[in-house]
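Input: a single structure, listed below in structure tokens.
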Amino acid sequence: MIYPQFPLDFYFGTATSAYQIEGAWDEEGKGPSIWDTFAHTPGKIHAGETGDIACNTYHDYQTDIDIMAKLGLNAYRFSVAWTRVLPQGKGAINQKGLDYYNRLVDALLDKGITPFLTLFHWDMPQALQDKFGGFARRETAGYFADYAELVVKSLGDRVKHWITLNEPWEHAALGYLLGEHAPGKRNPWTYLKVAHHQLLGHGLAVQRIKSQYPDAQVGITLSLMPIFPETSSEKDREAAIIGDQFMNSFFLDAVFKGKYPEPLWSRTKFFHPKVLPGDMETISHPFDFLGVNYYSRAFFHHAWYVPFLKIWSAANLSAEKEFVKDGVQYTSMGWEVYPRGMYDVLMLIKNEYDNPLIYITENGAAYTDIVENSHVHDPLRQKYLEQHTAEVAKAIRDGANVKGYFIWTLIDNFEWATGFSKRFGLVYVDYATQERIIKDSGYWVRELIKSQEN
Ligand code: IFM
């Protein structure tokens, strides 16, 4: 097999997040987050599942680090649970929580695996939710920066790659507009506030991290999705432009250009948060890299009530398992497999935003695995990875400044509203026993990495 080739100093990693894998939701001083509350609310998660135990990595991370080493991975992206280190989101520190992340980082470094640390992967402290509505109020941006400073003071001597936010669009849209994610609100008046205040928190955190460790590399992770009009009608084309601004350039323009895109911004003026003088400068404070999460593309069409809004996640969560429609493969999330979109997104960032350093912080697919005599076959996931890594390599050849590729995800885990029903891992998890089995796709990744040495 011919494997795509990457630059010498390239990071090959996998990504996870705290709530999706750690478990130990109320142990050793951890405070509740909005995901604890949401998952404990009947009817919110598939089959009533929760992240209470998840993959048990709070108690055993070493097994998974050994697997990473066996696969030859040289980087790992994980997130810190804010309420493990600050149970109330601010104020009293939980030293045991900080100790846990210190042990985790040391264990990674011990195996030569570079840690990429995400500070906010959606698990807002419940206490800040109760007091401020989470990022609905700007105070939370300030508390987020305090939390960032606490974590960097504890780990910044060893962790050199920091990601402030994971996918702020998803947190704001799925959590406050569609209500599918915690905190489960459906309120168009709050959406833009949450988006703006997250970005403010990002800008403040960049400055605080740099003030402690000027050599730290700091970035933000955005999920980027090419948007197409559903038909060639004028109105659908307009819907696609605004939809693209809503999901993509709202965040890209804010952090790179210090402005929100038109016409989206003026069309949503009734919903605007207060943008104070200096906010956009804070949000666009220079940072070191863009984290790109890429999965699929979406189609938008005109609707009279809003000029766009056919939100892909809401439409597709009903998919039971993977399927083929009109010759096109869809994953078990109901997401179209569209590898070309990876190339297009990377080239768009290169051309529109001055060729920044990029790490692909997530790419991967959920499929039904075939478990047979302690082997797990997942040919569709392997194919997905083959196709997408080829597009990444092509974008690099064409000048995109990509220096790392993280697969979502290392181990099967809690996939938010769909619980444990969707499996994205390179490694199969038997949730009853916590046994891990490396899937065929995991071995393919090992061969991809090995092939780079030649
Ligand atoms: O599981 C999520 C992750 O938490 C954020 N990005 C998308 C993944 C797959 O849905």
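Each residue takes its place number in the sequence, starting with 1. Just follow the structure's listing: the first ligand is 1, and inside any ligand the first atom is 1. Everything numeric in this text was worked out from a predicted model, so none of it was measured.
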Is there a nitrogen or oxygen of Gln20 sitting under 3.5 Å from a nitrogen or oxygen of ligand 1?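 Yes - when backbone and side-chain N and O of Gln20 are compared with those of ligand 1, one distance drops under 3.5 Å.
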Taking both backbone and side-chain atoms of Asn166, is any N or O found less than 3.5 Å from an N or O belonging to ligand 1?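 In this structure, Asn166 places no N or O atom under 3.5 Å from an N or O of ligand 1.
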Can we say Lys422 and Glu415 salt-bridge, meaning some charged N sits less than 4.0 Å from an Asp/Glu carboxylate O?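 Answer for the salt bridge query: no.
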Interfacing atoms of ligand 1 (cut-off 4.0 Å, heavy-atom, His121):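 Close to His121: 3 (C), 4 (O), 5 (C).
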Can you check whether [Y]'s main-chain N or O pairs, donor with acceptor, with [X]'s side chain at less than 3.5 Å?
X      : Y      : result
Trp265 : Tyr260 : no
Thr409 : Ala15  : yes
Arg84  : Glu28  : no
Gln20  : Phe414 : yes

Is there a heavy atom in Trp335 that sits closer than 4.0 Å to ligand 1?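 A heavy atom of Trp335 does come that close to ligand 1.
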Counting only heavy atoms, tell me which of Lys422, Glu415, Glu167 gets closest to atom 10 (O) of ligand 1.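 Shortest heavy-atom distance from atom 10 (O) of ligand 1: Glu415.
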Test of understanding: given a 4.0 Å heavy-atom threshold, classify the contact between Glu362 and ligand 1 as side chain, backbone, both, or neither.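 Looking at Glu362 and ligand 1, just side chain atoms fall under 4.0 Å.
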